[in-house]
2 protein chains.
Amino acid sequence: MEEIFKNPDLESVREVLDNYASRPFVVQITGDCSVNYQGRAKSKLDAGQRFVIIKQDNALLVHGPENYQPKNWQPETDEFSFRMDSGQLVLVSRRFNPKEVVEIRFESVELVYVTRLVDDRELVVRGHEVDIHEAIEGSPEIVEEDLCIVEREKETDAGFIDVFARDSDDNLVVIEVKRNPDHNSVLQLSRYIDEIEKEFPSREIRGILVAPKISDNVVNYLEKRDLEFIKIDMEDVIPSYEKFSQTQSSLGQFGSDYRTED
Amino acid sequence: MEEIFKNPDLESVREVLDNYASRPFVVQITGDCSVNYQGRAKSKLDAGQRFVIIKQDNALLVHGPENYQPKNWQPETDEFSFRMDSGQLVLVSRRFNPKEVVEIRFESVELVYVTRLVDDRELVVRGHEVDIHEAIEGSPEIVEEDLCIVEREKETDAGFIDVFARDSDDNLVVIEVKRNPDHNSVLQLSRYIDEIEKEFPSREIRGILVAPKISDNVVNYLEKRDLEFIKIDMEDVIPSYEKFSQTQSSLGQFGSDYRTED
DNA sequence: GTCTAGAGGTTGATG
DNA sequence: CATCAACGTCTAGAC
């Protein structure tokens with residue numbers, strides 16, 4: 001279930017694209033091309049060797065020989081067109097929302113590779129911010145003893161408060177959770193507190209930033225505003241690290257050999 | 001300057017990787033693999049058909065048959081290792097800062113494709129936030145008539161003010177430019193105004209958020225704080241669209257046929 | 001569909 | 001090497 005064309009002429013590449021691009025095949029084209037994009041911004045890329053990938057859901061990627069990121073792309077193409085123009089193969093990918101166009105002009109093609117891939121497994125990721133939210137909701141004591149969770153994702157005019165709680169002295173507690181806290185996290189917390197003060201004018205309100213790490217500057221910034229910081233251990237947060245590991249044979253080893261924490 | 005191996009046995013894939021992976025070649029492997037990642041977070045991906053790309057700068061991508069995004073990746077690999085284990089080919093990519101590991105286990109390989117790509121052209125993008133700054137500096141009237149630019153990137157304790165200006169009534173104007181404004185943009189503007197009020201206690205100060213679009217919630221949030229919003233037309237902003245177009249033959253057509261704005 | 005907040009965000013500039 | 005802001009950010013979830 002795969003086809004390879006070495007040094008094809010451009011017209012036959014066009015035929016391959018017509019045949020396969022809008023069906024569930026991955027089509028890869030390696031060749032010399034220029035790329036133009038217009039949509040939310042505009043970009044142009046003069047001729048050079050790249051590989052272009054059309055995925056089975058019509059995602060389009062233009063990758064150069066270096067870098068993690070594609071040079072140009074289309075997360076999802078609504079409409080392809082392929083034509084010859086002045087001896088070049090022109091591929092146009094259109095998207096309707098937002099309205100964006102990527103035009104690729106091939107001057108030559110070294111290789112076309114068509115295949116169909118089957119992959120129904122989902123990627124499982126742990127360690128997101130939401131994992132911290134859930135850990136706090138399940139075990140509020142990892143932030144503070146006798147903390148009582150009132151609401152998660154409480155809406156205010158300034159946005160959503162991650163965790164809204166009451167402490168043992170019946171003060172209101174606004175908790176902002178961040179994996180990578182910065183300056184803005186403090187501002188955000190600060191604004192939430194302003195909103196809560198408006199909503200509960202007679203109550204004492206505390207603000208806590210919860211994060212696995214923090215820089216001194218951000219701590220200073222917090223202290224200036226009488227806000228608190230609680231460091232959380234990600235090992236406490238990822239609720240089933242061991243279980244997670246055991247679900248796959250290689251991961252036990254992965255967990256020990258490749259351990260990155262100290 | 002390219003090599004293709006169809007349905008190679010895993011041991012010979014390992015040899016290819018040993019030969020090419022750490023040299024300036026793009027190595028692509030299509031096959032059935034599982035992937036584990038550990039670093040800032042953890043992820044696991046059970047066996048399925050994907051293609052793995054090792055770029056010339058040792059960037060690593062694992063792409064499934066769908067989606068713009070890679071399933072797993074390593075922007076830059078500091079250290080590769082390739083070994084056979086229990087009849088599987090194990091590729092380990094390590095990065096030192098941050099400390100992260102991607103492990104790929106191939107159960108079978110359909111295709112290996114090795115090539116060297118030459119691409120020294122730079123991608124040129126227009127329409128970034130800085131282009132809006134420049135447009136305002138060059139033509140302040142696109143924000144407001146008789147606006148007088150005082151300073152760009154004016155430094156304050158709260159950060160850099162995009163554009164600092166004076167209006168026709170000699171009020172001070174703080175302009176924050178965003179392509180995609182949100183709540184935080186308003187907070188930022190707000191904070192700059194606080195700083196300017198400290199610096200010029202006797203002056204009237206206006207705050208304007210300039211953006212090509214905005215949501216109602218953010219407008220409300222602005223209005224509550226007596227701040228203003230000016231919508232900017234990106235067509236007015238990209239300063240040399242025609243010139244930009246003419247730098248490449250196909251782009252004139254690109255500009256008319258593929259025009260995305262109304 | 002729009003809006004909002006997070007991401008293994010990534011990347012580039014700056015001190 | 002850390003900090004900070006922008007990104008054609010993308011993506012997922014809620015409304």
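All chains are named by letter (A, B, ...) in the order of the sequence lines, taking the proteins before the strands, and each is independently numbered beginning at 1.
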Nearest heavy-atom neighbours spanning Ser43(B) and Val125(A): CB-CG2, 3.8 Å
Distance, rounded to the nearest Å, where Leu60(A) contributes CG and dG8(D) contributes P: 16 Å
Given dA5(D), dG8(D), dA7(C), the nucleotide with the shortest approach to the side chain of Glu129(A): dA7(C)
Using residues 180-189 of chain A as the side-chain source, report each donor-acceptor pair under 3.5 Å to any protein atom, sequence neighbours left out, with the distance given to one decimal.
residue   : atom : partner   : partner atom : Å
Asn180(A) : OD1  : Lys213(A) : NZ           : 3.4
Asp182(A) : OD1  : Asn184(A) : N            : 2.9
Asp182(A) : OD1  : Ser185(A) : N            : 3.1
Asp182(A) : OD1  : Ser185(A) : OG           : 3.1
Ser185(A) : OG   : Asp182(A) : N            : 2.9
Ser185(A) : OG   : Asp182(A) : O            : 3.1
Gln188(A) : NE2  : Tyr192(A) : OH           : 2.9

Donor-acceptor contact below 3.5 Å, side chain Gln74(A) vs main chain Ser93(A): yes
Spacing between His63(A) atom NE2 and dT10(C) atom C1', to the nearest angstrom: 13 Å
Salt-bridge contact Lys71(A)-Asp119(B) (side-chain N to carboxylate O under 4.0 Å): yes
Salt bridge present between Arg126(B) and Asp131(B) (N-O < 4.0 angstrom): yes
Between dA7(C) (C1') and Ile132(A) (CD1): distance, integer Å: 13 Å
Arg105(B) and Ser34(B): side chain donor to acceptor below 3.5 Å: no
Under-4.0 Å side-chain N/O to phosphate OP1/OP2 contact, Asn180(B) with dC7(D): no
Close side-chain approach of His133(A) to Arg152(A), heavy-atom, < 4.5 Å: yes
Nearest-neighbour nucleotide for the Val102(A) side chain, dG9(C), dG6(C), dG8(D) considered: dG8(D)
Under-3.5 Å donor-acceptor pair between Glu100(A) side chain and dG8(D) base: yes
Position toward the 5' end of DNA chain C (nearest nucleotide), Glu153(A) or Asn72(B): Glu153(A)
Arg191(B) side chain vs Ala158(B) backbone, donor-acceptor pair below 3.5 Å: yes
Distance, rounded to the nearest Å, where Met234(A) contributes CE and dA7(C) contributes P: 9 Å
Gln69(B) side chain, from C-beta outward: closest of dA6(D), dG9(C), dT11(D): dT11(D)
Value in whole Å for how far the P atom of dC7(D) lies from NZ of Lys42(A): 16 Å
Nucleotide of dT11(D), dG9(C), dT10(C) approaching Arg179(A) most closely (side-chain heavy atoms): dG9(C)
Sugar-phosphate, base or nothing in reach of Asp162(A), heavy atoms under 4.0 Å: sugar-phosphate
Minimum-distance nucleotide (side-chain atoms of His128(B) versus dT10(C), dG6(C), dC7(D)): dC7(D)
N/O (side chain, Ser215(B)) to phosphate O (OP1/OP2, dT4(C)) under 4.0 Å: yes
Aromatic-base stack, Trp73(A) on dG8(D), cutoff 5.5 Å, angle under 30: yes
Stems formed with participation of DNA chain D [Watson-Crick or G-U wobble, under 3.5 Å, three or more pairs]: C:1-7 with D:9-15, C:9-15 with D:1-7
Integer-rounded Å distance: dC3(C) P and Asp182(B) CG: 13 Å
Main-chain N/O of Glu66(A) paired to Asp57(B) side chain as donor or acceptor, under 3.5 Å: no
Proximity to the side chain of Tyr68(B) - top-ranked nucleotide from dC4(D), dT10(C), dC10(D): dC10(D)
Touch class at under 4.0 angstrom, heavy-atom based, for Gly159(B) against every strand present: nothing
Side-chain N or O of Arg40(B) closer than 4.0 Å to phosphate OP1/OP2 of dT10(C): yes
Polar side-chain contact Asn97(A)-dG1(C) base: donor and acceptor under 3.5 Å: no
Which residue lies more 5' along DNA chain D, comparing Gly127(B) with His183(A) via nearest heavy atoms: His183(A)
Atom pair distance, as rounded to whole Å: CG in Leu61(A) and P in dT9(D): 17 Å
Touch class at under 4.0 angstrom, heavy-atom based, for Gln74(B) against every strand present: base
Sugar-phosphate, base or nothing in reach of Phe160(A), heavy atoms under 4.0 Å: sugar-phosphate
Ala41(A) vs Asp216(A), nearer the 5' end of DNA chain D by closest nucleotide: Asp216(A)
Spacing between Lys178(A) atom NZ and dG6(C) atom P, to the nearest angstrom: 4 Å
